[in-house]
Amino acid sequence: MSHVKRLLVTDRIFFITVNLRKNCPKLFEKEYALLAAAIEESHSKLQFYWCGYVFMPDHWHALIGVKQTLTISRAVQNIKWISARRINQKRQRIGPLWQHQFWDRFVRHETEFQKRLAYMHLNPVRKELISHPKGWKWSSYGNYAVETELRDRSPITVDHIRFS
C-alpha cells in the first residue's frame, strides 16, 4: 500500500516516470504500440494534455497536463490499467506490470518544460539504444521536429501548449 500523499493539483503540466515492476520482463517493440494505444484511449476518455513522452524498455516518461477535476494520479492510473491489461494479454500472463507508485513533479515554467522534453528525447541516446533522438520512434521527438517525415511517423500526436 502506498503512503505517498499527492497534491490534488489541477491545471498543471506534470513530468512523470512510470517503471515496470522489478521481476517483469522488459518491453518489446510490439508492446510499445500497445502502450501507445492505451495512452490514446485514456487521452480521449479523460481529456488530459499529452505534451511529450518517451517509452523505454523498463520505464516511460511523459509530460501530462491535467485540467480541473482530473488529478495526475487518475490519469496515470488509467494509462497503467489499460496498458497492463493489453500487454499482459499479449504475454499471456496475469498480475501487476507497472510499479504501484509513479514519480511526478509539476512543471513550473517554459524553461523547465523544455529541459524535461530534452531529457526524455535524449534518454534512448544516454542508454545507448540509438545515436540520435530522431532514431527512436517511441518518443515525442518527431512531434517537435521540422522534418515532415519525422512528424508523420510519430505514433502519438502530442498536444502543443503555451505557457502564459
Side-chain angles (χ1 to χ4, degrees), residues 9-20 26-68 70-87 89-90 97-98 102-164:
V9 176
T10 59
D11 297 326
R12 302 282 177 130
I13 303 294
F14 290 86
F15 173 73
I16 62 117
T17 302
V18 176
N19 291 312
L20 280 174
K26 292 183 178 185
L27 297 174
F28 296 103
E29 178 85 15
K30 290 180 180 181
E31 293 171 331
Y32 292 140
L34 298 173
L35 177 56
I39 288 164
E40 287 182 319
E41 183 178 327
S42 286
H43 179 252
S44 176
K45 175 183 169 186
L46 300 177
Q47 299 295 302
F48 51 78
Y49 296 112
W50 184 253
C51 303
Y53 66 94
V54 64
F55 301 160
M56 300 294 290
D58 61 350
H59 70 282
W60 54 275
H61 296 289
L63 286 162
I64 301 175
V66 291
K67 302 174 191 175
Q68 196 67 33
L70 179 65
T71 64
I72 191 63
S73 294
R74 176 72 179 106
V76 173
Q77 174 191 35
N78 196 259
I79 294 168
K80 287 169 57 176
W81 185 78
I82 294 169
S83 63
R85 218 179 53 210
R86 290 179 181 171
I87 292 169
Q89 184 176 25
K90 176 89 172 145
L97 180 70
W98 306 110
F102 66 93
W103 287 261
D104 65 312
R105 172 181 168 84
F106 70 83
V107 176
R108 288 159 176 78
H109 45 73
E110 175 74 22
T111 302
E112 185 178 356
F113 180 89
Q114 293 301 327
K115 285 181 180 178
R116 300 288 182 184
L117 198 59
Y119 172 84
M120 289 188 302
H121 295 161
L122 288 170
N123 208 338
V125 175
R126 282 190 303 276
K127 298 292 184 178
E128 299 179 347
L129 298 171
I130 51 163
S131 60
H132 189 279
K134 70 180 176 185
W136 192 251
K137 175 183 174 182
W138 299 103
S139 84
S140 56
Y141 181 84
N143 286 273
Y144 292 94
V146 175
E147 300 96 335
T148 305
E149 74 273 1
L150 284 177
R151 286 195 316 267
D152 290 346
R153 75 176 185 137
S154 295
I156 304 174
T157 301
V158 298
D159 300 309
H160 294 279
I161 58 141
R162 291 188 151 195
F163 280 80
S164 350

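Side-chain atoms are counted along with the backbone in the values below, which use heavy atoms only and exclude waters and symmetry mates. Residues: numbered from 1 along the sequence shown. Please read these numbers as outputs of a predicted model, since none were measured by experiment.
Asp159 places a side-chain N or O within 3.5 Å of a backbone atom of Trp50 that can act as its donor or acceptor partner. Panel note: side chain Lys67, backbone Gln47; a donor-acceptor pair is recorded below 3.5 Å. Formation of a donor-acceptor pair under 3.5 Å by the Asn143 side chain with backbone atoms of Val158 is found in this model. In terms of modelled atom types and a separation under 3.5 Å, the side chain of Arg151 and the main chain of Val146 share a donor-acceptor contact. When atom types are taken as modelled, the side chain of Arg86 and the backbone of Ala84 share no donor-acceptor pair closer than 3.5 angstrom. The backbone N or O of Arg74 lies less than 3.5 Å from a partner atom in the side chain of Thr71, making a donor-acceptor pair.
Cation-pi geometry between Arg105 and Trp103 is not satisfied (NZ or CZ under 6.0 Å from the ring centre, within 45° of the ring normal).
A ring-ring contact (aromatic ring centres under 6.0 Å, His included) with His121 holds for exactly one of Tyr141, Phe55, Tyr53, Trp136; it is Tyr141. Partner Leu34 forms a side chain to side chain contact (heavy atoms under 4.5 Å, CB included) with one of Gln89, Lys90, Arg85 and no other, that one being Lys90. Here the rule is side chain to side chain contact (heavy atoms under 4.5 Å, CB included) with Ile79, and of Ile16, Val18, Ile64 only Ile64 fits it.
For CD of Gln114, the number of neighbouring non-hydrogen atoms (other residues, nucleotides, ligands) closer than 6.0 Å is greater than 12.
Using a 4.5 Å heavy-atom cutoff, the side chains of Met56 and Leu129 are in contact. Side chains of His43 and Ile156 form no contact here, defined as non-hydrogen atoms less than 4.5 Å apart.
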Output, in order, the C-alpha distance, side-chain angles, deciding distance and verdict of side-chain contact (heavy atoms from CB on, under 4.5 Å) for His160 and Tyr144.
CA-CA 9 Å; His160 294 279; Tyr144 292 94; 3.4 Å; yes

Could you walk me through whether Asp58 and Leu27 pass side-chain contact (heavy atoms from CB on, under 4.5 Å), step by step?
CA-CA 6 Å; Asp58 61 350; Leu27 297 174; over 6 Å; no

Give the intermediate values and the outcome of side-chain contact (heavy atoms from CB on, under 4.5 Å) for residues Leu20 and Leu97.
CA-CA 6 Å; Leu20 280 174; Leu97 180 70; 3.7 Å; yes

Can Phe48 and Ser42 be said to form a side-chain contact (heavy atoms from CB on, under 4.5 Å), step by step?
CA-CA 8 Å; Phe48 51 78; Ser42 286; 3.9 Å; yes

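Between Glu29 and Trp138, the side chains place a donor N or O and an acceptor N or O closer than 3.5 Å (distance only, hydrogens not considered).
Using cut-offs of 30° and 60° on the angle between ring planes, the pair Tyr119 and Phe15 is perpendicular.
For His59, the ring-ring contact (aromatic ring centres under 6.0 Å, His included) partners at least two apart in sequence or on another chain are His61. In this view, Tyr49 satisfies the ring-ring contact (aromatic ring centres under 6.0 Å, His included) rule with no residue, not counting sequence neighbours.
Between Arg116 and Glu112 a salt bridge is recorded (basic side-chain N to carboxylate O distance below 4.0 Å).
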